[in-house]
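Here's the structure we're looking at; comments come further down.
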There are 2 protein chains.
Amino acid sequence: MTDIIEAYLKKVLKQKEQVEIRRSEIAELFDCVPSQINYVINTRFTIQKGYLVESKRGGGGYIRIIKVQVLDELDMLNTMIEIIGNNISERDAKSVVQKLYDDKIISKREAKLMIVAMDKSLYTGDRVTDNRVRANLLRSMLANLCYEEPNKRKAD
Amino acid sequence: MTDIIEAYLKKVLKQKEQVEIRRSEIAELFDCVPSQINYVINTRFTIQKGYLVESKRGGGGYIRIIKVQVLDELDMLNTMIEIIGNNISERDAKSVVQKLYDDKIISKREAKLMIVAMDKSLYTGDRVTDNRVRANLLRSMLANLCYEEPNKRKAD
DNA sequence: ATTTGTTTGACTATTTTTGACTAATAATAA
DNA sequence: TTATTATTAGTCAAAAATAGTCAAACAAAT
C-alpha cells in the first residue's frame, strides 16, 4: 500500500514540481487510514531523498510535497553534506547516495561502493558511534567529489 | 529439500535475470520451515556463486535473488580481500587501493573515494576498533567490485 | 567415530498498518 | 473580539506482517 501511494505521488511529481493533496481524500482513494499517508511521506519523501513537505491543518488544510531544486552538482553535494550533519542512519545515508545516482552526479559503481560502505554491519555495533562514523565517511566522500573534475560517465 | 528448492529457483533464473519471492510462500509450497529458505540462499546463492540477494521485511516483504556477472578481476580482488583480513592500518589500506588503481581495476574517482574513506580521522579514535572497521569497509567495497548486475529492471 | 551438511523452531529485527488521541486552523456563534 | 465548534493534519504506540539469526537436533559422508 505504501508503495502504491508512493508511486502515485511520484507520478504526479514527474509532471510538476510539487503536489498538493488533501490527506483524507488520498486515504479514501486508496482505502486506507489517513495516518498511512503520513507514513508514506515520512518514509518516502524525506529531505534525504530530495523532497520538502509543508502542510496546514484546519479547514482547507493540505499536504504539499515539493521537489527540492538545486542549481548544479556542487550545490547538490554541499546541500547533501549539510543534510548529513554529524549523524546519519543507514537508511538515510543510502537515500542520499541513491539521490546522487538518480541525479547522475555519481556513477553506478561509485554509488554501489558508497552504499555498501554505509551498511550497519560493518561498524562497531553501537548505534550512536556508528551514526557518527557513517556521517563522517559519507561527508568525506562527498566533499572529495566536490574537488574532482566532472564525472566521466561510462555507460551504465 | 535444499537441492529441490535450489533447483526451483535456478529454473526460474534461467528465464529471468532475477526472481522475487515471498519467503513464507515458498516455504509453504515446499512444505518446510521458512528459515529453510534462508539456508538455501545462504549456501547456494552466495555472491561467490554469482548471485546477489536483497530483501525487505514487514508488510509487502520479499526476497530478491539477482544473477550477477563475475568480472575477471575476481581472483585478484579475492586475494586482496584475504590479505586485508580483519584488521588493516590506514597506510596499508591506502596502498591496497593504490594498487587497484595502478592495475586499472578502479577509476581515479573510485580510488579517491576509497582512499578518503580509509582515513583514520573519520573513525572512533580507538586504534583497534578503527582497524577492524576499516578492514570491514575495505573488504566490503572490494567484494562489491567483483560483480556487475546485468541490466536494469525498474520502469519508472 | 568424526566431521560436515541439513532441518527445525524459538527468538529477534524490521517494516507496514491501524487507530486512538492530540494539535492546529478555520468557521461560526456570542 | 472572543469563545466555541468543525475540520483538518500530526503523533505515537500497538498490532500485524514480513524476513533474519542461531544453535540444537538430525542426517550424510568420510
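For the numbers below, each heavy atom of this structure counts, side chains included, while hydrogens, waters and symmetry mates do not. The chains referred to below are lettered A, B, ... by the order of the sequence lines, with proteins before strands, and numbering in each begins at 1.
Within the 4.0 angstrom heavy-atom criterion, base atoms lie near B:G59. A:G61 comes within 4.0 angstrom of the backbone, heavy atoms only, and of no base. Nucleic acid contact for B:R44: sugar-phosphate only, since backbone atoms but no base atoms lie under 4.0 Å from a heavy atom of the residue.
Separating the CG atom of A:D3 from the C1' atom of C:dT17 is a distance of 13 Å, rounded to the nearest angstrom. In this structure, B:F45 atom CZ and D:dG20 atom P are separated by 14 Å, rounded to whole Å. Per the geometry, CD1 belonging to B:I41 stands 14 Å off C1' belonging to D:dT21, to the nearest Å. As rounded to whole Å, 14 Å separates atom P of C:dT25 from atom CD1 of A:I63. Distance CG (B:N42) to C1' (C:dG5): 14 Å, rounded to an integer number of Å. What separates CD of A:Q36 from C1' of C:dT15 is a distance of 11 Å, to the nearest Å. For the pair A:R64 CZ and C:dT25 C1', the computed distance is 15 Å after rounding to whole Å. Taking atom CD1 of residue A:I37 and atom P of nucleotide D:dA9, one finds them 10 Å apart after rounding to whole Å.
For the OP1/OP2 pair of D:dT11 and a distance below 4.0 Å, the side-chain nitrogens and oxygens of A:S35 include no atom meeting the criterion. In this model, the phosphate group of D:dA17 is not approached by any side-chain N or O of B:K56 to a distance below 4.0 Å at OP1 or OP2. Between B:Y39 and the phosphate of C:dT6, there is a side-chain N or O to OP1/OP2 separation shorter than 4.0 Å. For A:R57 and D:dT7, the shortest distance from a side-chain N or O to OP1 or OP2 is not below 4.0 Å. Phosphate proximity of D:dT7 to A:S24: absent, as no side-chain N or O sits under 4.0 Å from OP1 or OP2. Taking 4.0 angstrom as the limit, B:S55 places a side-chain polar atom (N or O) nearer than this to OP1 or OP2 of D:dG20.
Residue-to-nucleotide contacts include a donor-acceptor pair under 3.5 Å from the side chain of B:R23 to the base of D:dG20.
Cation-pi contact between A:K67 and A:F45: absent, since separation from the ring centre below 6.0 Å together with deviation from the ring axis within 45° is not met. Taking the ring centre of B:Y123 as origin, the terminal cationic atom of B:R134 falls inside the region bounded by 6.0 Å and 45° from the ring axis.
For A:T124 against B:V133, the heavy-atom pair with the smallest separation is CG2-CG2, 4.1 Å. Across all their heavy atoms, B:I105 and A:R109 have their closest contact at O-NH2, 2.9 Å. Pairing each heavy atom of B:A117 with each of A:L137, the nearest pair is O-CD2, 3.3 Å.
Map A:K120 and A:C32 each onto its nearest nucleotide of DNA chain C; the residue landing nearer the 5' end is A:K120.
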